[in-house]
There are 2 protein chains.
Amino acid sequence: MNIKKFSEITEISPYTIRYYEKIGLLRGVSRNASGHRWFTEKDIIWVEFIKRLKDTGMPLENILKYADLRGEGASTSELRMKILEDHAVMLEDKIAEDMYHLKKLKEKIKHYSETIELELNT
Amino acid sequence: MNIKKFSEITEISPYTIRYYEKIGLLRGVSRNASGHRWFTEKDIIWVEFIKRLKDTGMPLENILKYADLRGEGASTSELRMKILEDHAVMLEDKIAEDMYHLKKLKEKIKHYSETIELELNT
DNA sequence: ACTTGACTTAGAGTTTACTCTAAGTTGTAG
DNA sequence: CTACAACTTAGAGTAAACTCTAAGTCAAGT
């Protein structure tokens, strides 16, 4: 598929897609006869994975490091697994922290509603 | 307390504290005889709340809007509560999304460990 | 043959949230 | 009285992640 279709499916702008290729996050993207990028199913799977890492707070620089290892082949499997394991631990901590933040926010909201309640009864 | 002490307690750099005051996030900070900022317990409580909103993904621009309403007094209580309620809903969604991401990451890690296991048995 | 629209590139510009610099003032210790 | 550290300000600089511009190529439709 062309970049427009790929952009629609992945919900990433063509600008960003080219940018990802430029910095080495996307590599080996094939081209058609006229030199335009031609994306495949494999590219979708890979960018969806990039999105997962990015959405869970991994900076592009680190994702790029993962992409580098991936490019080096099977010999880096363990290293890549280690990166994902560390990231998963980080994410677990982040979720726990967010749950605590949520609890505190709800307490504050409750406090607001009680205060407003009081004012209405004045 | 002076800015250095305040910085240590809140774990925000003096640069950032001054920046927050400059953009209007921190207001009404008192000064001592020599014109230096003098922070109180109330300032700590307020920046800790700013940190909570920020850490849960609220952009400074939105936190600033909340600070503006706060500055307008009790008449904006309901509006501020609404902002927090919306943010709490957003955070709940984010936590759910992160949990899904975590599940997917763990599946990939499992896949890695199985692949590596297989290679060792070759 | 020519216009149209989607693509290409290198590189410039934008946004958010800081982070630092330069020049100047003030309080305390020797 | 002077050195020194900590503060002050306005404004410049930085990093990350895009986002856009300008100039050019190319294939399809009229």
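None of the values given here were measured: they were computed from a predicted structure. Throughout, protein chains are lettered first and strands after them, A, B, ... in sequence-line order, and every chain is numbered starting at 1.
Residue contacts for Lys54(B): at a heavy-atom cut-off of 4.0 Å it reaches the sugar-phosphate backbone alone, with no base atom in range. Lys4(B) comes within 4.0 angstrom of the backbone, heavy atoms only, and of no base. Counting any heavy atom pair closer than 4.0 Å across all strands shown, Pro59(B) reaches sugar-phosphate atoms only and no base atom. Residue Ile3(B) is classed as a sugar-phosphate contact, given heavy-atom separations below 4.0 Å to backbone atoms only.
A straight line from CZ of Arg37(B) to P of dT25(C) spans 17 Å, rounded to a whole angstrom. Going from atom CG of Asp55(B) over to atom P of dT16(C) covers 19 Å, rounded to whole Å. Following rounding to the nearest Å, Tyr15(A) (OH) and dA6(C) (P) show an atom-to-atom distance of 12 Å. Across the protein-nucleic acid pair, Arg18(A) atom CZ and dA6(C) atom P stand 12 Å apart, rounded to whole Å. Regarding Ile17(B), its CD1 atom lies at a distance of 17 Å from the P atom of dA17(C), rounded to whole Å. With rounding to whole Å, Leu64(B) atom CG is found 16 Å from dT15(C) atom C1'. Rounded to an integer number of Å, the gap from CD1 of Ile50(B) to C1' of dA17(C) is 14 Å. Here the C1' atom of nucleotide dC18(C) and the NZ atom of Lys51(B) are 15 Å apart, to the nearest Å.
Judged by distance alone, the side chain of Ser13(A) and the main-chain N or O of Thr16(A) form a donor-acceptor pair under 3.5 Å. No donor-acceptor pair under 3.5 Å is formed between the side chain of Lys51(A) and the backbone N or O of Ile12(A). Of the possible polar contacts, none joining the Thr76(B) side chain to the Glu72(B) backbone as a donor-acceptor pair under 3.5 Å is found.
Aromatic ring centres of Phe49(A) and Tyr66(A): separated by under 6.0 Å.
Under the 6.0 Å distance and 45° angle rule, Arg70(A) counts as a cation-pi partner of Trp46(A).
Both Gly35(B) and Glu61(B) sit near DNA chain C, but only Glu61(B) has its closest nucleotide nearer the 5' end. Checking His36(A) against Ser13(A), the closest nucleotide of DNA chain D that is more toward the 5' end is the one next to Ser13(A).
Heavy-atom contacts of chain A under 4.0 Å fall on DNA chain D between two terminal nucleotides, which in 5' to 3' order are dA16(D) to dA27(D).
Contact annotation: Tyr19(B) does not reach the phosphate of dT16(C) (side-chain N/O to OP1 or OP2, under 4.0 Å).
When Ile63(A), Leu64(A), Asn62(A) are each tested for a side chain to side chain contact (heavy atoms under 4.5 Å, CB included) with Leu60(A), only one passes: Ile63(A).
Using a 4.0 Å cut-off between charged nitrogen and carboxylate oxygen, Glu61(B) and Lys65(B) do not count as a salt-bridge pair.
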